[in-house]
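Reviewing the structure listed below.
Predicted model, so just to flag it, every value in this text is computed and none were measured.
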Amino acid sequence: MGLTGSSAALRGFRSVQRLAYECAEAVAAQLRPGVTEREAARMQREWLRERGVRDWFHLPFAWFGDRTAFAGFRVPLQFFPTNRELAPGMPFILDLAPVHGGHTADVGYSGSLGPNAVHDRLMRDLRVHRELILREVRERRPLREIYEDVERLMVRQGYHNRHRAYPFGVIAHKVDRVRERRFAPHVFGFGTQSLKGLAKDALRGHREGWSPLWSPYRFSAHPPRPGLWAVEPHLGFRGTGAKFEELLVVTDSRDEEESAFWLDDDLPHVRRWAEAEADRELAADGPQGAVQGREPEKGRVA
């Protein structure tokens, strides 16, 4: 599969990632006080099934309140949606990973039900993590070292690394094409076809010295492997968590910009950052700038 910014091979992945984010935004707009995590997860499933999704890398998750920071999580079952109810001002995360047309996406959408200054600060501060990850992947730094640099940045910002709570402490994992089947079962919330693909990569990687899991452990002490990686830096601060999750494309190109790039820059969190930057520029320009107005700068769509 040739992976370049204009590659036809990436169109399906970009399409399903946009579909997943459309789902997250649609469900987020419907959240009200009293909605439970289980109801929010069901809303995501139903929205996507109405649009043809029949298989999953993993079923949708929803986390509310201090569960966005994985407070007290010790075992994998605690990640599954609960009867926790949403309340005004409460942060939430929607995490969904549909498979559509044989292509996989895994996205994370953070928000809050009304104003939440801590959540907003976390989201602003995630921007530099996205920049750091791309820069160091292009430098072909070992994944384990990039993970450690991300964690050091979190500490300097005054936050806790909450992706360490995931199994194997992963900040990312590889995704690939999934063979479409009429019957698409799932086990413990994960699609069996996707699990088979991940297991196949793990076995091959073990023989060749790489892993499909991007973790803080020795098995991730290798340069980025070409392919698509679902990347999810997750910040936590005093019971509030926030993250983004999106696909990063890694290639074997010697051209710096083509060697690694985010699959799509037209995503909710990227648009938020661009709009905030435009607002700051308008404020700096004073009344004259506010009168003239300025279109928010949109990122490059690969």
Q. Charged N to carboxylate O under 4.0 angstrom, R204 versus E208?
A. yes
Q.
What I want to find out is whether D266 reaches R14 closely enough, with some N-O distance under 4.0 Å, to be called a salt bridge.
A. no
Q: Take R164 and Y147 through the test side chain to side chain contact (heavy atoms under 4.5 Å, CB included) and record every step on the way to the result.
A: CA-CA 10 Å; R164 269 195 182 268; Y147 187 109; 3.1 Å; yes
Q: Please list all pairs passing the ring pair (Phe, Tyr, Trp, His ring centres under 6.0 Å) test where one or both residues lie in residues 73-93, with sequence neighbours left out.
A: F61-F80, F70-F73, F70-F79, F73-F79, F79-Y166
Q) Which ring pair (Phe, Tyr, Trp, His ring centres under 6.0 Å) pairs, counting each pair once, include a residue from residues 17-41, with sequence neighbours left out? A) Y21-H269
Q | Heavy-atom closest pair, residues D265 and V270 | A | O-CG1, 3.1 Å
Q: Search all heavy atoms of I133 against all heavy atoms of L248 and return the closest pair with its distance.
A: CG2-CD2, 4.3 Å
Q: Give a yes or no on whether V170 and L77 share a hydrophobic cluster (residues Ile, Leu, Val, Met, Phe, Trp, Tyr; joining criterion: side-chain heavy atoms under 4.5 Å apart).
A: yes
With sequence neighbours excluded, tell me which residues meet side-chain contact (heavy atoms from CB on, under 4.5 Å) with [X].
| X | value |
| --- | --- |
| E25 | Y109, P268, R271 |
| H119 | S110, S112, N116, M123, T240, A242, R272 |
| S194 | F57, V99, V178 |
| R51 | L19, W47 |

Q.
Atom NE2 of residue position H160 - does it have more than 12 heavy atoms of other residues, nucleotides or ligands inside 6.0 Å?
A. no
Q.
Is it the case that atom CZ in R179 sees more than 12 heavy atoms from other parts of the structure closer than 6.0 Å?
A. no
Q.
Would you compute the distance between atom CZ of R124 and atom CD of Q157 and round it to the nearest 0.5 angstrom?
A. 11.5 Å
Q) How long is the gap from CZ on R162 to CE on M154, to the nearest 0.5 Å? A) 10.0 Å
Q) Is it the case that S220 and S211 place a side-chain donor and acceptor less than 3.5 Å from each other? A) no
(Q) Walk me through whether R42 and R45 qualify under side chain to side chain contact (heavy atoms under 4.5 Å, CB included). (A) CA-CA 5 Å; R42 185 176 68 247; R45 290 196 305 272; 3.6 Å; yes
Report yes if some heavy atom in the side chain of [X] is under 4.5 Å from a heavy atom in the side chain of [Y]; otherwise report no.
| X | Y | result |
| --- | --- | --- |
| I171 | N161 | no |
| R144 | Y217 | no |
| L126 | W273 | yes |

Q: Apply side-chain hydrogen bond (donor to acceptor under 3.5 Å, both in side chains) to D201 and list each qualifying residue two or more places apart in sequence or on a separate chain.
A: none
Q | Apart from W210 itself, residues in the same hydrophobic cluster as defined by side-chain heavy atoms under 4.5 Å | A | none
Q) Taking only residues two or more places apart in sequence, or in another chain, which ones meet R84 in a salt bridge (charged side-chain N to carboxylate O under 4.0 Å, His left out)? A) D66
Q. Can you name the one residue among E245, E246, H103 that meets side chain to side chain contact (heavy atoms under 4.5 Å, CB included) with Q17?
A. E246
Q) Partners of H100 by ring pair (Phe, Tyr, Trp, His ring centres under 6.0 Å), sequence neighbours excluded? A) none
(Q) For H129, give me all partners under ring pair (Phe, Tyr, Trp, His ring centres under 6.0 Å), at least two apart in sequence or on another chain. (A) none
Q: Show your working on side chain to side chain contact (heavy atoms under 4.5 Å, CB included) between K243 and I93 and close with a plain yes or no.
A: CA-CA 8 Å; K243 72 169 186 172; I93 294 176; 4.0 Å; yes
Q | Sequence neighbours excluded, every pair satisfying salt bridge (Lys or Arg N to Asp or Glu O under 4.0 Å) that has a member inside residues 96-114 | A | none
Q | Among E151, R238, R121, the one residue meeting side-chain hydrogen bond (donor to acceptor under 3.5 Å, both in side chains) with Y159 | A | R121
